[in-house]
2 protein chains.
Amino acid sequence: MNQNDDTTVGERAAYVLDDQVGFLLRLASQRHTAIFQDSPAFDLTPTQLAAIVRLAQIGECSQNELGRQTAMDVATIKGVVDRLRQKGLVVTRPDPLDRRRTLLSLSPGTEAMIADIHEFGLQISRKTLAPLTAAERTTFLRLLRKLSEVG
Amino acid sequence: MNQNDDTTVGERAAYVLDDQVGFLLRLASQRHTAIFQDSPAFDLTPTQLAAIVRLAQIGECSQNELGRQTAMDVATIKGVVDRLRQKGLVVTRPDPLDRRRTLLSLSPGTEAMIADIHEFGLQISRKTLAPLTAAERTTFLRLLRKLSEVG
DNA sequence: ATCCGGTTGTTAGCATACTAACATTATCGA
DNA sequence: TCGATAATGTTAGTATGCTAACAACCGGAT
C-alpha cells in the first residue's frame, strides 16, 4: 500500500497542501500573471485587459454592468475603470435615460487597438497553457469552465 | 462549419474572453475563496491557512523561508505573518545563529487545532471540486499541477 | 582581515478583490 | 401618488500580491 494513499478505507485523507485545489489555483494564477506582465506589449494588467475586451464586445454600458460581465464587484470595477479612464483608454458620458448611470465606451484609439489586444491575449493564453498537450489543454479548459460556472 | 470554430486554417483564432485560461482561473479562484469564506469554521483566509499548514509541516523556520514554501514574496508573507502573530496563532523568537532572522513556529493552541484545520481544508477542497466527477477531479488536479509547477 | 555578493526583513507604493455603509435615483405596487 | 424596494456609484477598511529600495547581517574569496 502506497504511503501516500489517501483513499484507504477507514482512514482520514491526508492533508497535503500541494494537492489542494485552492493552493494550486493560486500558483497557476500567479504563473499566468507573471507571464502576462513579462510580455510588455501593452501597459495593462490582466483585469484591465478583460474589462477592455468585454467593453469592446458588449458595447457602451454602465460601470456596474461591465463589472458584472467581468466578474468584478462594484468597488473593484470602479478602481479598474478609474485607471482606464486616467490612461485615456475608456471614455464616459452621462446616461440620458438614468441619472444614476455613467455610460462607458472605448476611446477611438483603443477601438483601433482591439485586434492587437486580442492577439496579445491569445499569446498569453498560449504561453500559459504551453506545459499541456493540445488534448490536455482542451480538457483542462472544459473542467476549469465547469468549476467556474457554478453559482 | 461551426461559427465558433477557432481552428480554421488560414483564419486567426477568435478571442473569446470566457475561453481564456487567465479569465477562467480568476473565476475559479473567486469561487474557491467564496466557498472558503462562507464556511465559518476558523477566522482564517486561504492564504493564512496555507501558511499555518505549511509551518506545521516543515516546523520552525524563518519568515522568508515560509514565504518560499507557500509561494508568497517577502512583502506578502510579512503581512500574513504579522496578522497571524496578532491573532496569537504564530509565535516568534530570534534565531540565535543568525541575527537577521526571526524564527516562526505555531503557538501551542494552534498546534492543537492542526487536525481540525486539516479537516476544514479538505472540506473546502471537496466543495470546490464538487462540480466534477471523481475522474475529472483527478485529471483536473494533475493538469493544474502541470500548469503550476513550471519554473 | 577585509571586501563583496547574497540574504533577511522592512517600508512604500500600486493594483486587485472583498465587505459594509451611504446618498442618489428608478421603479413598482398599493 | 406615495412609499417601499431596488439599482447605481462612491467611500472606507481589510487582505493578498507585486516591485523597488533600503539597512543590517552573513559567508566566502582573495
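Note on naming: letters A, B, ... go to the chains in the order of the sequence lines (proteins, then strands), and numbering restarts at 1 for each one. Just so you know, these numbers use all the heavy atoms, side chains as well, and skip hydrogens, waters and symmetry mates. This one's a predicted model, so the numbers in the text were calculated from it and none came from an experiment.
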Quickly work out the [X] [atom1] to [N] [atom2] distance and round it to whole Å.
{"X": "A/Asp38", "N": "D/dC18", "atom1": "CG", "atom2": "P", "result": "12 Å"}
{"X": "B/Leu66", "N": "C/dT7", "atom1": "CG", "atom2": "P", "result": "18 Å"}
{"X": "B/Leu49", "N": "D/dT16", "atom1": "CG", "atom2": "C1'", "result": "15 Å"}
{"X": "B/Arg101", "N": "C/dG6", "atom1": "CZ", "atom2": "P", "result": "17 Å"}
{"X": "A/Asp98", "N": "C/dA23", "atom1": "CG", "atom2": "P", "result": "19 Å"}
{"X": "B/Asp95", "N": "C/dG9", "atom1": "CG", "atom2": "C1'", "result": "13 Å"}
{"X": "B/Arg26", "N": "C/dA17", "atom1": "CZ", "atom2": "C1'", "result": "9 Å"}
{"X": "A/His32", "N": "C/dT16", "atom1": "NE2", "atom2": "P", "result": "14 Å"}

Please confirm whether any donor atom in the side chain of A/Arg100 sits under 3.5 Å from an acceptor in the base of C/dA26, or the reverse. no
From CG (A/Leu44) to CG (A/Leu89), nearest 0.5 Å: 6.0 Å
Using 0.5 Å steps for rounding, measure from the CG atom of A/Asp43 to the CD atom of A/Gln48. 7.5 Å
Check whether any side-chain N or O of B/Arg26 sits under 3.5 Å from a backbone N or O of A/Thr70 as a donor-acceptor pair, and report yes or no. yes
Short question: side chain of A/Arg31, backbone of A/Thr128 - any donor-acceptor pair under 3.5 Å?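 Pair found, side chain donor or acceptor close to backbone of A/Thr128.
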When you measure from the side-chain N and O atoms of B/Arg68 to the phosphate of C/dT8, is any distance below 4.0 Å, counting only OP1 and OP2?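 Answer yes for this pair, as a side-chain N or O of B/Arg68 is under 4.0 Å from OP1 or OP2.
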For a quick test of reading the model: is some side-chain N or O of A/Arg99 closer than 4.0 Å to OP1 or OP2 of C/dA26?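 For C/dA26, OP1 or OP2 has a side-chain N or O of A/Arg99 closer than 4.0 Å.
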Just checking [X]: base, sugar-phosphate only, or nothing, at a heavy-atom cut-off of under 4.0 Å?
{"X": "A/Thr102", "answer": "sugar-phosphate"}
{"X": "A/Gln48", "answer": "sugar-phosphate"}
{"X": "B/Gln30", "answer": "sugar-phosphate"}

First of A/Thr47 and B/Leu103 reached from the 5' end of DNA chain C, by closest nucleotide: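 It is B/Leu103 whose nearest nucleotide is closer to the 5' end.
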Thinking salt bridges, do [X] and [Y] make one under a 4.0 Å N-O criterion?
{"X": "B/Glu119", "Y": "B/Arg126", "result": "yes"}
{"X": "A/Glu136", "Y": "B/Arg142", "result": "yes"}
{"X": "A/Arg99", "Y": "A/Asp95", "result": "no"}
{"X": "A/Glu60", "Y": "A/Arg93", "result": "yes"}

Sub-4.0 Å heavy-atom contacts from residues 73-87 of chain B onto DNA chain D, ordered by number: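 Going residue by residue through residues 73-87 of chain B, the ones with a heavy atom under 4.0 Å of DNA chain D turn out to be B/Asp73, B/Ala75, B/Thr76, B/Val80, B/Arg83.
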Stretch residues 52-65 of chain A: residues that reach within less than 4.0 Å of DNA chain D through a heavy atom: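 Per residue number, the list reads A/Ser62, A/Gln63, A/Asn64.
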Once ring-ring contact (aromatic ring centres under 6.0 Å, His included) is applied, do any residues pair with A/Phe120, and if so which ones, sequence neighbours excluded?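 A/Phe36, A/Phe42.
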In terms of hydrophobic clusters joined by side-chain contacts under 4.5 Å, are A/Leu49 and A/Val91 together?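 Shared cluster, no.
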